[in-house]
Amino acid sequence: MEGPSIVILSEELQEFLGKKVLKVRGNTKQPKDDLKGRTLERIDTWGKVLFLTFSHKTLPSIVTKTHFMMFGSYRINEPRENRDPRLELTFKNGIVYFYSCSIKFGAEDYQKSLDPRVDVLSPDWDPDHVLMLMKKKQSTYLCDLFLDQSLFAGSGNIVKNEALFNLRRHPMTKLSEISKKDWSLLVHAIHEYCFNFYEWKKEFQLRRHWQVYRKSICPVCGSKIQRKKMGKNERATFICPHCQNERNSKKELILFEVMPIEDSAEREERLDH
DNA sequence: ATTCATGTTGTGAT
DNA sequence: TATCACAACATGAA
């Protein structure tokens, strides 16, 4: 799950804020029973990470860190799936299920160490600070840069591919090949796509707006989309060989708008990440 | 049946 | 010391 999906989850969890944990289940190896009787005191996010703070009248608070990685999912106030949840929390007013995610307790110090200025979804997001950090990343390819959580916390493979297409730049372009005056446009492209992602997902319209990610035809020029593993961690990367041609790098950098693809017969799944 | 994928973290080798 | 390769985790869709 990418950052915008975590923000949506945090909003869906608001109904449990201030509520007491009545029952705990799940196959996590963390000391889950310690949560019983505590009150959900805070709900925070940083990039793709969810932090829940559980307070107690006399004992210290417990901060949990949840990361959904590739396959994680959640359900709220729905019948439990056949499989065991990693963690299941029963409140007076409902139940939360977290599936196949990574959960760690005692995350207070870790949470404090994170910088909200690089969290693309945070109100404290600070593009000037990000631009400053980018100076140390000159030799990085854009496909790696756009996934770097220390610069763009919350950006994931969808954001990477779509933002690069909206900029019409090839993923294997090095940051140093982009004129410094255009760097803020790179930052802006990621920020804007994250917020579009957030809105589209809430309306179950995210897939409809994919231009290249898991697509076969470029919506702009009709070329066949190429899929190739690229960058440091060989993540799947989708490009239009015409619109994102390396030779375009001499052209002015422009952030193009996204048009929904109308003929897409794909049905939007509510449970999509 | 097999492959792939909205990701991170830890370990041991280089 | 830094970087790298690889494993581990976990599940549903194509």
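Numbers restart at 1 for each chain; the letters A, B, ... are given by sequence-line order, proteins then strands.
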Picking from B:dA5, B:dT9, C:dG12, which would you name as closest to the side chain of A:F71?
B:dA5
Rounding to an integer number of Å, can you tell me how far A:Y97 OH sits from C:dT11 C1'?
19 Å
Can you confirm whether the side chains of A:Q111 and A:D44 place a donor and an acceptor under 3.5 Å from each other?
yes
Watson-Crick or G-U counterpart of B:dG12, or none if no pair lies under 3.5 Å
C:dC4
Are A:W200 and A:Y193 an aromatic pair, judged by ring center distance below 6.0 Å?
yes
Base partner of B:dT3, which must satisfy Watson-Crick or wobble distances under 3.5 Å:
C:dA13
CG of A:L87 versus C1' of C:dC9: gap in Å, rounded?
17 Å
Can we call the ring centroids of A:F91 and A:F16 under 6.0 Å apart?
yes
When the distance from NZ of A:K160 to P of B:dA5 is rounded to whole Å, what number comes out?
10 Å
A:L50 has an atom CG; how far is it from atom P of B:dG7, in whole Å?
16 Å
Would you say a side-chain N or O of A:R86 is under 4.0 Å from OP1 or OP2 of C:dA10?
yes
Minimum-distance nucleotide (side-chain atoms of A:H67 versus B:dT8, C:dA10, B:dT6)
B:dT8
Between atom CG in A:D84 and atom P in C:dA10, what is the gap in whole Å?
11 Å
Does A:K48 place a side-chain N or O at less than 4.0 Å from the phosphate oxygens OP1/OP2 of B:dG7?
yes
Between A:N233 and A:R227, just flag the one whose closest nucleotide in DNA chain B comes earlier from the 5' side.
A:R227
In whole angstrom, what separates A:D148's CG from B:dG7's P?
13 Å
Between B:dG10, C:dG12, B:dG7, which nucleotide gets closest to the side-chain atoms of A:K104?
B:dG10
Under 4.0 Å: is that the gap between some side-chain N or O of A:Q149 and OP1 or OP2 of B:dT8?
yes
Would you mind classifying the nucleic acid contact of A:K229 as base, sugar-phosphate or nothing, using non-hydrogen atoms under 4.0 angstrom?
sugar-phosphate
What is the distance, rounded to the nearest whole Å, between atom CD1 of A:I103 and atom C1' of C:dA10?
13 Å
Does a side-chain N or O from A:R235 land closer than 4.0 Å to OP1 or OP2 of B:dA5, or not?
no
Counting just side-chain N and O atoms, does A:R214 come under 4.0 Å of either OP1 or OP2 of C:dA13?
no
Inter-nucleotide P distance (B:dT3, C:dA7), Å rounded:
15 Å
To the side chain of A:R83, which of B:dT8, C:dG12, B:dC4 is closest?
C:dG12
Could you give the NZ-to-P distance, from A:K29 to C:dA10, as a whole number of Å?
7 Å
So, A:K57 and A:T39: side-chain donor and acceptor under 3.5 Å apart, yes or no?
no
Run the numbers on A:V21 and A:T90 for side-chain contact (heavy atoms from CB on, under 4.5 Å), then give the verdict.
CA-CA 6 Å; A:V21 179; A:T90 304; over 6 Å; no
Hey, does A:K65 reach any base, or is it just sugar-phosphate, or nothing, if we go heavy atoms under 4.0 Å?
sugar-phosphate
Regarding A:S55 and A:E41, do their side chains bring together a donor and an acceptor under 3.5 Å, going by distance alone?
yes
Within the structure, does a side-chain N or O atom of A:Y99 lie under 4.0 Å from either OP1 or OP2 of C:dA10?
no
